[in-house]
Colleague: 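Below you'll find the structure I mean.
Naming convention: chains lettered A, B, ... in sequence-line order (proteins, then strands); numbering from 1 in each chain. Note that the structure is a prediction, hence the values are computed from the model and not measured.
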Protein chains: 2
Amino acid sequence: MIETKQKILNTAERLFGDQGYAATSLRHIIAEAGVNLAAIHYHYGSKEELLDEVVMRKAGPVNAERLALLDRYEAEAGSGPLAAEKVLEAFLAPVFSGADRSPQFVRLMGRMYGEGLMTMIVGRHFQPVVNRFIDAFRRALPDLPDEELLWRIHFMIGTMAHALFGPPNPRPGAEPASLDAQGVVQRLVTFLGAGFRAPVSRAAGSEEK
Amino acid sequence: MIETKQKILNTAERLFGDQGYAATSLRHIIAEAGVNLAAIHYHYGSKEELLDEVVMRKAGPVNAERLALLDRYEAEAGSGPLAAEKVLEAFLAPVFSGADRSPQFVRLMGRMYGEGLMTMIVGRHFQPVVNRFIDAFRRALPDLPDEELLWRIHFMIGTMAHALFGPPNPRPGAEPASLDAQGVVQRLVTFLGAGFRAPVSRAAGSEEK
DNA sequence: GTCTATACTGAGATAGAC
DNA sequence: GTCTATCTCAGTATAGAC
């Protein structure tokens, strides 16, 4: 069938989100999808490339909404400066609550981050968007040295990724789901906004800058 | 030999730090250590328990120094309140620069976090220390609601863990090493200190956009 | 108590027939 | 395009030699 490729993708998305990437074997996917093992390699090449497709299909709308929000906020600000908090909100809100308001994306991203696949995913699917936001932060915080700005964006991504994991102090084995998206984004924007606005401390490194 | 157990541990520590946990097969370890495959399971039970031992040996001194620093800062503060930045410093500095000033620990932790093993490791080896620091933060920020405090500690751990990865914007494939420990800790304390001190935003939980 | 040799199960990947 | 069969490598388990 022609839909073999789609059935694989849909089943993989569900199982990756439910059980994680490593815990989901290709043999499990083909059993649920009712296709042959070799079909995965024929259509996608490898397990990792299959994950790539799953992520891309979900990340596309999220990144589109991020850029749309950023454009909207910049338009609303007119010629004036855009608050760092608005840049943060444009970056964070679509991840937690945006796009098709699907908690599956949060679950999947949380899983991927928990399995150490986030670096790969960010590099492949999010880097252009991140670069666009680096510019926005630069304009929002013109007094911040560029090296410090990049570090703080680095910190922000770590915070966001960890927040995808779930609420604080979940008992081991708890499900990393059921986040109150609005509340988390609000907390993140407040916390990170203050961090971004913090004055640079003296002697933040022995190397020249 | 009697040192079989130690040779396994030392070799595992080196290879886990160099290549990561998943990428290091037990057969690779035994080849370099010059021991038999079954010796690992005899002495350690499983690959995961071997990792546990490796982490414990490294984490012990770090956690001890964290608590010692916290005690020292609290003693220096006398009866007065301890600044949140000092609590942060006691928590962060030993991870990046402390203990035996070994960059191997940073590398190993960065690797473990990158592979999604940090949750397990934190739960097993760091939870008591984290609980002690929760109390310290509570005293440093008595006006912060407890739920918000726990979220912010959650954020902090995510930021720290991500910072273990390395500097911002490393090209894919770059080594997550060679951090300027002092500079990173300084940047983290400044950034996170401001975040912890941020006033709680109203309606952090029920609004709709 | 320690260690070795070997076998077992399940994983991802691949070649080639249809 | 699809499927069967097979390959390599992983972690694990066990029987038995010192």
Colleague: Ring centroid separation for A:His162 and B:His162, is it under 6.0 angstrom?
Modeller: no

Colleague: Roughly, in whole Å, what's the span from OH in A:Tyr44 to C1' in D:dG1?
Modeller: 14 Å

Colleague: So, do A:Phe191 and B:Phe196 have ring centers that fall under 6.0 Å from each other?
Modeller: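 Yes, the ring centres sit under 6.0 Å apart.
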
Colleague: Check the phosphate of D:dT2 against A:His43, side-chain N and O only, distance under 4.0 Å to OP1 or OP2. Yes or no?
Modeller: yes

Colleague: Assign a letter to each nucleotide of nucleotides 11-18 of chain D from its 5' end: B, base within under 4.0 Å of a protein heavy atom; S, sugar-phosphate only; -, no contact.
Modeller: BB-B----

Colleague: Is it true that the NZ or CZ of A:Lys47 lies under 6.0 Å from the centre of A:Tyr21's six-membered ring and within 45 degrees of the ring axis?
Modeller: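 Verdict for A:Tyr21: a cation-pi partner in A:Lys47.
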
Colleague: For A:Glu85, I'd like to know if atom CD has over 12 heavy atoms of other residues, nucleotides or ligands within 6.0 Å.
Modeller: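 Atom CD in A:Glu85 is crowded, with more than 12 foreign heavy atoms closer than 6.0 Å.
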
Colleague: Just to verify, what does A:Thr11 make a side chain to side chain contact (heavy atoms under 4.5 Å, CB included) with, not counting sequence neighbours?
Modeller: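 Applying side chain to side chain contact (heavy atoms under 4.5 Å, CB included) to A:Thr11 gives A:Arg14, A:Leu15, A:Ile29, A:Glu32, A:Ala33.
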
Colleague: Figure out the CD1/C1' separation between A:Ile40 and C:dA11, and round it to whole Å.
Modeller: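 My rounded result for the distance is 12 Å.
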
Colleague: Check this one for me: any side-chain N or O of A:Thr4 less than 4.0 Å away from OP1 or OP2 of D:dG1?
Modeller: no

Colleague: Just the rounded figure in Å: distance from C1' of C:dA5 to CG of B:Asn36.
Modeller: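 Nearest whole value for this atom pair: 7 Å.
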
Colleague: Is the charged tip of A:Lys86 near the ring of A:Tyr73: under 6.0 Å from the six-membered ring centre and within 45° of its axis?
Modeller: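 Yes, A:Lys86 and A:Tyr73 form such a contact.
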
